[in-house]
Colleague: 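Dropping a structure here in C-alpha coordinates format, bear with me for questions.
Each chain gets a letter, A, B and so on, in the order the sequences are listed, and its residues count up from 1.
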Protein chains: 2
Amino acid sequence: MKEKELRRSLAVLPMGTVMKLTSLTARQIRYYETQELVKPQRSDGNRRLYSLNDVDRLLEIKDYLDEGLNMAGIREIFSQKQVESEKRKEEQRKSLTDDDVRKILHDEILRAGGLQGMSSQPTSPLQKPF
Amino acid sequence: MKEKELRRSLAVLPMGTVMKLTSLTARQIRYYETQELVKPQRSDGNRRLYSLNDVDRLLEIKDYLDEGLNMAGIREIFSQKQVESEKRKEEQRKSLTDDDVRKILHDEILRAGGLQGMSSQPTSPLQKPF
DNA sequence: TCGTTTATGTTATAAAACATAACATGAGCC
DNA sequence: GGCTCATGTTATGTTTTATAACATAAACGA
(Lines give C-alpha, C1' and ligand atoms only; values in the text may rest on other atoms or scores of the structure.)
Protein backbone atom coordinates (compact mmCIF):
# COMPACT_ATOMS: atom_id res chain seq x y z
CA MET A 1 0.00 0.00 0.00
CA LYS A 2 2.96 2.35 -0.42
CA GLU A 3 1.98 3.12 -4.00
CA LYS A 4 -1.35 4.56 -2.95
CA GLU A 5 0.32 6.71 -0.32
CA LEU A 6 2.59 8.10 -2.98
CA ARG A 7 -0.27 8.86 -5.34
CA ARG A 8 -2.18 10.70 -2.64
CA SER A 9 0.77 12.90 -1.82
CA LEU A 10 1.68 13.80 -5.40
CA ALA A 11 1.31 17.55 -5.85
CA VAL A 12 -0.48 17.85 -9.17
CA LEU A 13 -3.65 19.88 -8.65
CA PRO A 14 -3.80 23.58 -9.51
CA MET A 15 -5.77 26.17 -7.57
CA GLY A 16 -8.85 26.06 -9.79
CA THR A 17 -9.29 22.34 -9.34
CA VAL A 18 -8.85 22.56 -5.61
CA MET A 19 -11.42 25.32 -5.43
CA LYS A 20 -13.96 23.09 -7.14
CA LEU A 21 -13.03 20.05 -5.10
CA THR A 22 -13.38 21.90 -1.81
CA SER A 23 -15.88 24.68 -2.58
CA LEU A 24 -13.47 27.14 -1.01
CA THR A 25 -12.41 30.44 -2.56
CA ALA A 26 -8.83 31.06 -3.61
CA ARG A 27 -8.67 33.69 -0.91
CA GLN A 28 -9.60 31.18 1.77
CA ILE A 29 -7.19 28.55 0.54
CA ARG A 30 -4.32 31.02 0.44
CA TYR A 31 -5.21 32.38 3.83
CA TYR A 32 -5.11 28.92 5.37
CA GLU A 33 -1.66 28.64 3.93
CA THR A 34 -0.52 31.79 5.69
CA GLN A 35 -1.87 30.16 8.82
CA GLU A 36 0.35 27.14 8.11
CA LEU A 37 -2.59 24.78 7.83
CA VAL A 38 -1.59 23.60 4.35
CA LYS A 39 1.73 23.82 2.58
CA PRO A 40 1.24 23.18 -1.13
CA GLN A 41 4.21 22.74 -3.40
CA ARG A 42 5.05 25.30 -6.05
CA SER A 43 5.55 24.83 -9.76
CA ASP A 44 8.56 26.30 -11.57
CA GLY A 45 6.38 29.29 -12.35
CA ASN A 46 5.39 29.71 -8.72
CA ARG A 47 1.91 28.25 -9.11
CA ARG A 48 0.58 26.35 -6.10
CA LEU A 49 0.28 22.60 -6.61
CA TYR A 50 -1.86 20.52 -4.26
CA SER A 51 -2.01 16.81 -3.56
CA LEU A 52 -5.10 14.76 -2.74
CA ASN A 53 -3.92 14.76 0.85
CA ASP A 54 -3.93 18.54 0.77
CA VAL A 55 -7.50 18.50 -0.52
CA ASP A 56 -8.53 16.23 2.33
CA ARG A 57 -6.83 18.56 4.74
CA LEU A 58 -8.70 21.54 3.33
CA LEU A 59 -11.98 19.69 3.70
CA GLU A 60 -11.05 18.95 7.30
CA ILE A 61 -10.35 22.62 7.87
CA LYS A 62 -13.76 23.44 6.49
CA ASP A 63 -15.40 21.02 8.88
CA TYR A 64 -13.54 22.38 11.87
CA LEU A 65 -14.47 25.93 10.92
CA ASP A 66 -18.09 24.88 10.69
CA GLU A 67 -17.74 23.52 14.19
CA GLY A 68 -16.60 26.91 15.36
CA LEU A 69 -12.86 26.35 15.71
CA ASN A 70 -10.49 29.12 14.74
CA MET A 71 -7.16 28.90 12.96
CA ALA A 72 -5.20 28.39 16.18
CA GLY A 73 -7.49 25.56 17.21
CA ILE A 74 -7.17 23.79 13.92
CA ARG A 75 -3.44 24.24 13.91
CA GLU A 76 -3.31 22.67 17.35
CA ILE A 77 -5.42 19.72 16.28
CA PHE A 78 -3.25 19.09 13.27
CA SER A 79 -0.08 19.23 15.28
CA GLN A 80 -1.55 16.77 17.78
CA LYS A 81 -2.52 14.47 14.98
CA GLN A 82 0.99 14.60 13.67
CA VAL A 83 2.43 13.73 17.06
CA GLU A 84 0.05 10.81 17.29
CA SER A 85 0.94 9.49 13.88
CA GLU A 86 4.62 9.77 14.67
CA LYS A 87 4.09 7.87 17.88
CA ARG A 88 2.32 5.15 15.96
CA LYS A 89 5.11 5.02 13.44
CA GLU A 90 7.72 4.72 16.17
CA GLU A 91 5.59 2.10 17.87
CA GLN A 92 5.51 0.09 14.69
CA ARG A 93 9.23 0.47 14.14
CA LYS A 94 9.83 -0.84 17.64
CA SER A 95 7.41 -3.71 17.29
CA LEU A 96 9.05 -4.74 14.05
CA THR A 97 12.39 -4.66 15.75
CA ASP A 98 11.10 -6.84 18.58
CA ASP A 99 9.83 -9.24 16.02
CA ASP A 100 13.25 -9.43 14.44
CA VAL A 101 14.79 -10.07 17.81
CA ARG A 102 12.37 -12.89 18.38
CA LYS A 103 13.27 -14.47 15.08
CA ILE A 104 16.93 -14.17 15.79
CA LEU A 105 16.51 -15.71 19.24
CA HIS A 106 14.44 -18.50 17.81
CA ASP A 107 17.25 -19.14 15.39
CA GLU A 108 19.85 -19.17 18.13
CA ILE A 109 17.89 -21.75 20.02
CA LEU A 110 17.59 -23.93 16.97
CA ARG A 111 21.29 -23.87 16.38
CA ALA A 112 22.08 -24.42 20.00
CA GLY A 113 19.83 -27.46 20.12
CA GLY A 114 21.48 -28.93 17.04
CA LEU A 115 18.92 -28.97 14.26
CA GLN A 116 16.15 -30.94 15.85
CA GLY A 117 13.53 -29.55 13.52
CA MET A 118 11.18 -28.22 16.20
CA SER A 119 9.73 -25.92 13.60
CA SER A 120 9.37 -26.59 9.90
CA GLN A 121 9.50 -22.92 9.00
CA PRO A 122 11.82 -22.12 6.14
CA THR A 123 14.85 -20.17 7.30
CA SER A 124 14.27 -16.44 7.26
CA PRO A 125 16.49 -14.14 5.23
CA LEU A 126 17.55 -12.56 8.49
CA GLN A 127 19.50 -15.50 9.72
CA LYS A 128 22.30 -16.08 7.26
CA PRO A 129 24.69 -17.34 9.99
CA PHE A 130 28.26 -16.23 9.24
CA MET B 1 -14.52 -0.34 -5.30
CA LYS B 2 -16.79 2.14 -7.07
CA GLU B 3 -15.24 5.07 -5.21
CA LYS B 4 -11.80 4.38 -6.59
CA GLU B 5 -13.17 4.16 -10.12
CA LEU B 6 -14.75 7.55 -9.66
CA ARG B 7 -11.55 9.09 -8.36
CA ARG B 8 -9.57 7.74 -11.27
CA SER B 9 -11.96 9.21 -13.80
CA LEU B 10 -12.21 12.66 -12.22
CA ALA B 11 -10.92 15.23 -14.70
CA VAL B 12 -8.74 17.49 -12.56
CA LEU B 13 -5.26 17.60 -14.06
CA PRO B 14 -4.12 20.47 -16.29
CA MET B 15 -1.80 20.14 -19.26
CA GLY B 16 1.38 20.99 -17.36
CA THR B 17 0.85 18.24 -14.82
CA VAL B 18 0.06 15.69 -17.49
CA MET B 19 3.19 16.64 -19.38
CA LYS B 20 5.29 15.93 -16.32
CA LEU B 21 3.44 12.74 -15.48
CA THR B 22 3.85 11.34 -18.98
CA SER B 23 7.02 13.03 -20.27
CA LEU B 24 5.10 13.98 -23.40
CA THR B 25 5.07 17.43 -24.99
CA ALA B 26 1.90 19.48 -25.17
CA ARG B 27 2.07 19.13 -28.93
CA GLN B 28 2.04 15.36 -28.69
CA ILE B 29 -0.76 15.23 -26.19
CA ARG B 30 -2.92 17.54 -28.30
CA TYR B 31 -2.12 15.63 -31.42
CA TYR B 32 -3.24 12.36 -29.86
CA GLU B 33 -6.47 14.10 -29.08
CA THR B 34 -7.02 15.04 -32.72
CA GLN B 35 -6.47 11.34 -33.40
CA GLU B 36 -9.24 10.55 -30.91
CA LEU B 37 -6.94 8.59 -28.65
CA VAL B 38 -7.80 10.68 -25.60
CA LYS B 39 -10.75 12.95 -24.97
CA PRO B 40 -10.03 15.21 -21.99
CA GLN B 41 -12.74 17.34 -20.49
CA ARG B 42 -12.62 21.10 -20.74
CA SER B 43 -12.80 23.72 -18.02
CA ASP B 44 -15.10 26.71 -18.25
CA GLY B 45 -12.23 28.65 -19.75
CA ASN B 46 -11.58 25.91 -22.34
CA ARG B 47 -8.55 24.46 -20.60
CA ARG B 48 -8.06 20.72 -21.03
CA LEU B 49 -8.62 18.69 -17.86
CA TYR B 50 -7.34 15.13 -17.61
CA SER B 51 -8.15 12.26 -15.29
CA LEU B 52 -5.75 9.64 -13.95
CA ASN B 53 -7.29 7.24 -16.43
CA ASP B 54 -6.37 9.65 -19.20
CA VAL B 55 -2.81 9.71 -17.94
CA ASP B 56 -2.67 5.93 -18.00
CA ARG B 57 -4.02 5.99 -21.50
CA LEU B 58 -1.32 8.43 -22.61
CA LEU B 59 1.33 6.21 -21.10
CA GLU B 60 -0.14 3.29 -23.02
CA ILE B 61 0.02 5.31 -26.21
CA LYS B 62 3.66 6.01 -25.54
CA ASP B 63 4.37 2.33 -25.15
CA TYR B 64 2.57 1.41 -28.33
CA LEU B 65 4.42 4.10 -30.23
CA ASP B 66 7.70 2.73 -28.94
CA GLU B 67 6.63 -0.64 -30.26
CA GLY B 68 6.23 0.90 -33.67
CA LEU B 69 2.43 1.18 -33.87
CA ASN B 70 0.91 4.19 -35.59
CA MET B 71 -2.16 6.18 -34.60
CA ALA B 72 -4.54 3.94 -36.54
CA GLY B 73 -3.14 0.86 -34.86
CA ILE B 74 -3.46 2.29 -31.40
CA ARG B 75 -6.97 3.49 -32.13
CA GLU B 76 -7.87 -0.02 -33.22
CA ILE B 77 -6.41 -1.58 -30.09
CA PHE B 78 -8.31 0.81 -27.88
CA SER B 79 -11.58 0.16 -29.65
CA GLN B 80 -11.03 -3.60 -29.27
CA LYS B 81 -10.32 -3.17 -25.61
CA GLN B 82 -13.51 -1.25 -25.22
CA VAL B 83 -15.51 -3.98 -26.92
CA GLU B 84 -13.92 -6.54 -24.61
CA SER B 85 -14.69 -4.56 -21.50
CA GLU B 86 -18.26 -4.12 -22.60
CA LYS B 87 -18.57 -7.83 -23.20
CA ARG B 88 -17.27 -8.52 -19.73
CA LYS B 89 -19.69 -6.04 -18.27
CA GLU B 90 -22.61 -7.62 -20.06
CA GLU B 91 -21.38 -11.04 -18.99
CA GLN B 92 -21.36 -9.92 -15.40
CA ARG B 93 -24.80 -8.38 -15.69
CA LYS B 94 -26.11 -11.65 -17.04
CA SER B 95 -24.41 -13.75 -14.42
CA LEU B 96 -25.83 -11.59 -11.69
CA THR B 97 -29.26 -11.97 -13.20
CA ASP B 98 -28.88 -15.73 -13.30
CA ASP B 99 -27.91 -15.67 -9.68
CA ASP B 100 -31.04 -13.76 -8.86
CA VAL B 101 -33.11 -16.31 -10.78
CA ARG B 102 -31.50 -19.09 -8.80
CA LYS B 103 -32.35 -17.43 -5.55
CA ILE B 104 -35.90 -16.89 -6.60
CA LEU B 105 -36.26 -20.50 -7.70
CA HIS B 106 -34.77 -21.69 -4.46
CA ASP B 107 -37.33 -19.64 -2.68
CA GLU B 108 -40.17 -21.03 -4.73
CA ILE B 109 -39.08 -24.53 -3.87
CA LEU B 110 -38.95 -23.71 -0.21
CA ARG B 111 -42.47 -22.36 -0.24
CA ALA B 112 -43.78 -25.24 -2.32
CA GLY B 113 -42.31 -27.74 0.13
CA GLY B 114 -43.98 -25.96 3.06
CA LEU B 115 -41.19 -24.45 5.18
CA GLN B 116 -39.16 -27.51 5.96
CA GLY B 117 -36.05 -25.50 6.68
CA MET B 118 -33.76 -27.20 4.17
CA SER B 119 -31.54 -24.17 4.35
CA SER B 120 -30.91 -21.95 7.27
CA GLN B 121 -30.05 -18.93 5.14
CA PRO B 122 -31.79 -15.75 6.18
CA THR B 123 -34.38 -14.69 3.62
CA SER B 124 -32.90 -12.49 0.92
CA PRO B 125 -34.26 -9.01 0.29
CA LEU B 126 -35.21 -10.19 -3.20
CA GLN B 127 -38.00 -12.48 -2.07
CA LYS B 128 -40.59 -10.29 -0.50
CA PRO B 129 -43.43 -12.64 -1.60
CA PHE B 130 -46.55 -10.66 -2.64
C1' DT C 1 -19.03 51.17 23.47
C1' DC C 2 -14.97 51.50 21.02
C1' DG C 3 -10.88 49.74 19.19
C1' DT C 4 -8.83 45.10 17.59
C1' DT C 5 -8.50 40.93 15.67
C1' DT C 6 -10.17 37.43 12.53
C1' DA C 7 -11.65 35.49 8.34
C1' DT C 8 -12.93 36.71 4.04
C1' DG C 9 -14.27 39.78 -0.02
C1' DT C 10 -12.76 42.81 -3.69
C1' DT C 11 -9.79 45.06 -6.84
C1' DA C 12 -5.53 46.04 -9.39
C1' DT C 13 -1.54 44.45 -11.73
C1' DA C 14 1.79 41.24 -13.57
C1' DA C 15 3.28 36.79 -14.91
C1' DA C 16 2.55 31.96 -16.04
C1' DA C 17 0.04 28.51 -18.44
C1' DC C 18 -2.67 27.20 -22.00
C1' DA C 19 -5.41 27.42 -26.53
C1' DT C 20 -5.43 27.65 -31.52
C1' DA C 21 -3.34 27.97 -35.82
C1' DA C 22 0.13 28.15 -39.15
C1' DC C 23 4.43 26.92 -40.97
C1' DA C 24 8.61 23.74 -40.72
C1' DT C 25 10.87 19.22 -40.90
C1' DG C 26 12.98 14.61 -40.75
C1' DA C 27 11.82 9.74 -41.51
C1' DG C 28 9.56 6.35 -44.08
C1' DC C 29 7.09 5.02 -48.25
C1' DC C 30 5.43 4.67 -53.23
C1' DG D 1 10.99 13.41 -55.95
C1' DG D 2 6.59 14.02 -53.78
C1' DC D 3 3.59 12.49 -49.92
C1' DT D 4 2.18 11.31 -45.28
C1' DC D 5 3.04 11.07 -40.46
C1' DA D 6 4.39 12.60 -36.01
C1' DT D 7 6.34 16.29 -33.94
C1' DG D 8 8.87 20.86 -33.41
C1' DT D 9 8.55 25.83 -33.43
C1' DT D 10 6.60 30.32 -33.42
C1' DA D 11 3.03 33.81 -33.01
C1' DT D 12 -0.97 35.67 -30.86
C1' DG D 13 -4.77 35.84 -27.71
C1' DT D 14 -7.25 34.25 -23.44
C1' DT D 15 -7.48 32.16 -18.91
C1' DT D 16 -5.62 31.26 -14.59
C1' DT D 17 -2.94 32.29 -10.85
C1' DA D 18 0.15 35.19 -7.83
C1' DT D 19 0.84 39.08 -4.78
C1' DA D 20 -0.57 42.98 -2.46
C1' DA D 21 -3.43 46.41 -0.76
C1' DC D 22 -7.67 48.07 0.90
C1' DA D 23 -12.47 46.92 2.76
C1' DT D 24 -15.64 44.81 6.11
C1' DA D 25 -18.73 42.12 9.09
C1' DA D 26 -18.59 39.51 13.24
C1' DA D 27 -16.53 38.36 17.46
C1' DC D 28 -13.77 39.92 21.32
C1' DG D 29 -11.62 42.38 24.99
C1' DA D 30 -10.91 46.34 27.74
Colleague: Taking a hydrophobic cluster as the set of Ile, Leu, Val, Met, Phe, Trp and Tyr residues connected by side-chain heavy atoms closer than 4.5 Å, whether directly or through intermediates, do B:Leu59 and B:Leu49 fall within one such cluster?
Modeller: no
Colleague: Quick one: which protein N/O atoms are closer than 3.5 Å to N/O atoms of nucleotides 25-27 of chain C? Pair and distance per line, please.
Modeller:
none

Colleague: Can you tell me if B:Gln28 uses its side chain to pair, donor with acceptor, with the backbone of B:Thr25 under 3.5 Å?
Modeller: yes
Colleague: Of B:Leu13, B:Leu10, B:Val12, which is the lone residue that meets side-chain contact (heavy atoms from CB on, under 4.5 Å) with B:Leu52?
Modeller: B:Leu13
Colleague: With sequence neighbours excluded, give me every side chain to side chain donor-acceptor pair (under 3.5 Å) pair touching residues 70-80 of chain B.
Modeller: B:Gln35-B:Arg75
Colleague: Taking B:Leu37's backbone N and O only, do any of them form a donor-acceptor pair with B:Arg57's side chain (distance below 3.5 Å, no angle check)?
Modeller: yes
Colleague: Near DNA chain C, which residues from residues 60-82 of chain A have a heavy atom under 4.0 Å away?
Modeller: A:Leu65, A:Asn70, A:Met71
Colleague: Can you list the residues that meet the side chain to side chain donor-acceptor pair (under 3.5 Å) rule with B:Ser43, with sequence neighbours excluded?
Modeller: none
Colleague: Thinking salt bridges, do B:Glu91 and B:Lys87 make one under a 4.0 Å N-O criterion?
Modeller: no
Colleague: Please work out which residues in residues 43-59 of chain B have a non-hydrogen atom less than 4.0 Å from an atom of DNA chain C and list them by number.
Modeller: B:Asn46, B:Arg47, B:Arg48
Colleague: Heavy atoms within less than 4.0 Å of DNA chain C: which residues of residues 14-32 of chain B have one? Give them sorted by number.
Modeller: B:Pro14, B:Met15, B:Gly16, B:Arg30
Colleague: Kindly say whether A:Thr22 contributes a backbone atom to a donor-acceptor pair with the side chain of A:Lys62 at under 3.5 angstrom?
Modeller: yes
Colleague: Assess whether a salt bridge exists between A:Glu60 and A:Lys81, defined as any Lys/Arg side-chain N lying under 4.0 Å from an Asp/Glu carboxylate O.
Modeller: yes
Colleague: Using side-chain heavy atoms (C-beta onward) and a distance below 4.5 Å, is B:Gln41 in contact with B:Tyr50?
Modeller: no
Colleague: Would you kindly give the CD-to-C1' distance between A:Glu33 and D:dA18, to the nearest whole Å?
Modeller: 11 Å
